[in-house]
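Let me begin by presenting the structure, written as structure tokens, before commenting on it.
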There are 2 protein chains.
Amino acid sequence: MIVANAVSRAPGQFPGLALNAVKPGLLGLFSRQPLETHESGSAIFWEGDAATHVFKVVEGVLRIFKILADGRRIITGFIYPGEILGISLDERYLYTAEAVNEVKLRRLGLNRFREAIDESAELRPLFVARICEEMASAQNRMVLLARKSAEERVCSLLLELARRAPRRPGPIVVELPMNRLDMADYLGLTIETVSRTVTSLTHRGVITPSSRYAFEIRQLSNLACLAGEVEEGDNALADAGMAQQASRPH
Amino acid sequence: MIVANAVSRAPGQFPGLALNAVKPGLLGLFSRQPLETHESGSAIFWEGDAATHVFKVVEGVLRIFKILADGRRIITGFIYPGEILGISLDERYLYTAEAVNEVKLRRLGLNRFREAIDESAELRPLFVARICEEMASAQNRMVLLARKSAEERVCSLLLELARRAPRRPGPIVVELPMNRLDMADYLGLTIETVSRTVTSLTHRGVITPSSRYAFEIRQLSNLACLAGEVEEGDNALADAGMAQQASRPH
DNA sequence: CGTTGAATTGATACTGGTCAATTCTAGTGG
DNA sequence: CCACTAGAATTGACCAGTATCAATTCAACG
């Protein structure tokens with residue numbers, strides 16, 4: 001069996017690169033690309049632009065969003081280091097991507113990316129898996145936006161960030177790279193509601209603010225409950241869904 | 001590289017199939033599969049089930065939805081004839097799929113489907129394109145759920161159905177296969193709000209009900225405007241998105 | 001023509017939005 | 001090191017839109 005492309009080799013085959021840590025999988029495609037820096041608030045591309053590149057975030061966080069004609073904004077996602085941006089797109093970008101803070105990333109031509117995927121039987125399932133993750137996340141966002149209360153939304157975000165954050169020893173501390181407006185536009189709320197909710201959670205001892213942009217989570221399970229999610233081993237999902245009966249908590 | 005299974009051959013390799021009106025593209029994969037019928041309200045599969053098949057809807061409409069622990073439901077999409085269900089999934093189905101009315105569909109083993117895609121350089125881009133469509137639609141749903149008013153939501157649904165429906169000569173009539181509860185759970189509203197909004201649109205002459213489940217659209221452009229979408233040739237999208245300023249219509 | 005579930009309509013409550021004032025925080029310059 | 005400033009976040013008062021609860025009407029079907 002011959003693997004006929006330059007991307008997928010065992011790390012040891014290029015001594016120079018091996019030191020340079022060629023990553024396996026989709027991220028490895030970006031290893032040879034130069035690193036570019038975007039300052040906080042700058043756009044990587046705009047919704048509707050012709051799609052030309054795919055990006056890998058190395059450092060910093062991106063927000064991707066869409067805007068209605070009158071300025072209402074909805075952030076459809078945040079992209080963290082190690083994640084890929086622009087993987088699912090058509091001719092044109094579906095959304096605008098902006099740097100939340102200073103961002104370092106590598107870009108790859110869309111055609112090159114697609115060819116690499118298309119030619120590698122190893123990468124293809126990774127690509128599909130990645131897209132499915134994105135889809136699963138999008139569906140969870142729909143649930144949140146359609147049916148969750150303000151408090152459940154804020155808790156869901158904290159929980160998501162807690163899970164995404166590096167696990168350090170000691171108490172769980174969530175760092176928020178984004179400001180309150182970003183949080184609000186991600187959750188479909190206003191900054192005032194986000195602020196009030198955070199205050200309330202603090203007063204009730206669910207979280208303890210270390211700063212405006214970092215919170216210690218007192219009990220993760222408690223947060224998960226408040227987020228409207230069901231913990232492992234819970235049986236609450238059972239028979240909630242007899243056909244034609246739904247959406248009436250009471 | 002040896003592919004050791006019986007399923008995946010290039011389409012041209014079976015002359016019999018070529019004559020048998022094999023549809024091109026992804027839908028063609030289902031041509032040889034038997035037709036099965038599901039009565040209104042029955043589930044095709046449940047969220048969390050091990051994912052085993054992909055489906056093509058031939059007749060009728062499906063709803064796909066997720067449910068929170070306390071019974072709140074959100075319909076993430078409706079699947080119409082000619083569309084494929086279950087294309088983006090992991091090990092397990094991400095949602096439950098139910099028949100809105102009597103549904104006829106064909107099913108294909110997930111492994112067979114994936115192998116067929118994986119081995120056909122023709123199908124792969126179609127598959128990617130299909131997933132990207134799904135993603136684009138999911139993102140539009142997020143915008144709707146996060147930032148649109150009840151009226152904008154209802155108009156968006158009518159508009160979507162109008163675009164999806166077969167174009168007959170004469171006035172544009174939208175048929176709704178689903179009941180008010182389905183509409184509500186699709187739009188993140190309650191049945192009462194949906195009902196009131198429809199009444200209001202009727203009184204204002206935007207739509208004219210032919211029955212409870214069919215409406216004539218008086219002016220499509222009007223509806224698009226009320227849906228918060230911008231018509232072709234409109235310039236309203238321009239510079240709505242200066243960084244850090246958003247989500248304040250006024 | 002009565003029954004039943006769906007849809008509509010009405011009255012009221014409440015969550016979250018809006019507008020405005022205040023406080024906090026990170027810079028900046030004296 | 002300490003005002004001063006500007007933007008962000010918080011807090012408060014009030015309001016609007018949608019949910020909730022209840023009653024009524026509608027439409028399909030026996």
Side-chain angles (χ1 to χ4, degrees), chain A residues 40-41 68 70-74 100-101 144-157 176-203 207 209-215 226 228 242-250, chain B residues 40-41 68 70-74 100-101 144-155 176-203 207 209-215 226 228 242-250:
Chain A
S40 172
L68 286 171
D70 60 3
R72 285 174 286 180
R73 181 178 77 158
I74 167 70
V100 168
N101 42 25
L144 178 143
L145 293 169
R147 292 289 179 221
K148 287 191 180 178
S149 70
E151 181 168 293
E152 288 172 318
R153 295 181 198 205
V154 171
C155 290
S156 296
L157 173 58
L176 306 177
M178 73 291 289
N179 61 22
R180 295 290 187 267
L181 181 56
D182 283 339
M183 292 173 69
D185 285 348
Y186 183 70
L187 299 174
L189 299 170
T190 60
I191 45 176
E192 292 93 336
T193 299
V194 170
S195 186
R196 277 186 250 273
T197 306
V198 166
T199 303
S200 161
L201 290 172
T202 302
H203 285 155
I207 58 179
S210 327
S211 81
R212 266 180 176 175
Y213 299 103
F215 298 92
L226 290 173
M242 289 309 292
Q244 304 289 6
Q245 308 215 79
S247 281
R248 290 281 173 158
H250 273 287
Chain B
S40 172
L68 285 172
D70 60 2
R72 284 173 287 179
R73 183 179 74 158
I74 167 71
V100 169
N101 42 27
L144 179 143
L145 294 168
R147 292 290 180 219
K148 287 190 179 179
S149 70
E151 181 168 294
E152 288 172 317
R153 295 182 199 205
V154 171
C155 290
L176 305 178
M178 73 292 288
N179 62 22
R180 295 290 187 268
L181 181 57
D182 283 339
M183 292 174 68
D185 285 348
Y186 182 71
L187 299 175
L189 300 170
T190 61
I191 46 176
E192 292 94 334
T193 298
V194 170
S195 186
R196 277 185 248 274
T197 306
V198 167
T199 302
S200 160
L201 291 172
T202 302
H203 285 155
I207 58 179
S210 328
S211 81
R212 266 182 176 173
Y213 299 104
F215 299 92
L226 290 173
M242 291 308 293
Q244 303 289 7
Q245 308 215 76
S247 282
R248 290 284 173 158
H250 276 287

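To find a chain, count down the sequence lines: A is the first, B the second, and so on, and within it residues start at 1.
- For the OP1/OP2 pair of D/dA19 and a distance below 4.0 Å, the side-chain nitrogens and oxygens of B/Thr190 include at least one atom meeting the criterion.
- One can place CZ of A/Arg153 at 14 Å from P of C/dT15, the figure rounded to the nearest angstrom.
- The interatomic distance linking B/Asp70 (CG) with D/dA19 (P) rounds to 15 Å, in whole Å.
- Scanning for side chain to side chain donor-acceptor pair (under 3.5 Å) contacts around B/Glu151 gives B/Arg204, with sequence neighbours left out.
- Atoms CG (B/Asn101) and P (D/dA28) sit 16 Å apart, rounded to a whole Å.
- Rounding to whole angstrom units, CE of residue A/Met178 and P of D/dA8 are separated by 16 Å.
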Begin with the C-alpha distance, continue with both residues' side-chain angles, and end with the deciding distance and a verdict on side chain to side chain contact (heavy atoms under 4.5 Å, CB included) for A/Leu201 and A/Phe215. CA-CA 11 Å; A/Leu201 290 172; A/Phe215 298 92; over 6 Å; no
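- Following rounding to the nearest Å, A/Arg147 (CZ) and D/dT20 (P) show an atom-to-atom distance of 8 Å.
- For A/Tyr213 and D/dA8, the shortest distance from a side-chain N or O to OP1 or OP2 is not below 4.0 Å.
- Between the P atom of D/dA27 and the CZ atom of B/Arg180 lies a distance of 12 Å, rounded to the nearest Å.
- Rounded to the nearest 0.5 angstrom, A/Leu144 CG and B/Leu68 CG are separated by 9.0 Å.
- With sequence neighbours left out, B/Ser149 forms a side chain to side chain donor-acceptor pair (under 3.5 Å) with B/Glu152.
- For the pair B/Glu151 CD and D/dG17 P, the interatomic distance rounds to 11 Å; values are reported in whole Å.
- With rounding to the nearest 0.5 Å, the separation of OG in A/Ser156 from CG in A/Leu145 is 10.0 Å.
- B/Tyr186 pairs by the ring pair (Phe, Tyr, Trp, His ring centres under 6.0 Å) definition with B/Phe78, not counting sequence neighbours.
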As a quick check of understanding, evaluate side chain to side chain contact (heavy atoms under 4.5 Å, CB included) for A/Leu187 and A/Lys148, giving each step before the final call. CA-CA 10 Å; A/Leu187 299 174; A/Lys148 287 191 180 178; over 6 Å; no
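- Note: B/Cys155 SG to B/Ile207 CD1 = 7.5 Å, rounded to the nearest 0.5 Å.
- Note that CE of B/Met178 and CE of B/Met183 are 7.0 Å apart. Values are rounded to the nearest 0.5 Å.
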All N/O contacts under 3.5 Å from nucleotides 23-26 of chain C to the protein, with atom names and distances to one decimal?
none

Please tabulate, one pair per line, each protein N/O and nucleotide N/O from nucleotides 9-12 of chain C that are separated by under 3.5 Å, including the distance.
| unit_1 | atom_1 | unit_2 | atom_2 | d |
| --- | --- | --- | --- | --- |
| C/dT9 | OP2 | B/Thr199 | OG1 | 2.6 |
| C/dG10 | N7 | B/Arg196 | NH1 | 2.9 |
| C/dG10 | O6 | B/Arg196 | NH2 | 3.1 |
| C/dA11 | N6 | B/Arg196 | NH2 | 3.4 |

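- Axis angle, first five pairs versus last five pairs of the helix from C/dC1-D/dG30 to C/dG30-D/dC1: 30°, rounded to 10°.
- The side chain to side chain donor-acceptor pair (under 3.5 Å) check on B/Thr202 picks up nothing, with sequence neighbours excluded.
- Remark: A/Thr193 engages A/Thr190 in a side chain to side chain donor-acceptor pair (under 3.5 Å) (not counting sequence neighbours).
- When the P atom of D/dT20 is taken as reference, atom CG of B/Leu189 falls 11 Å away, rounded to whole Å.
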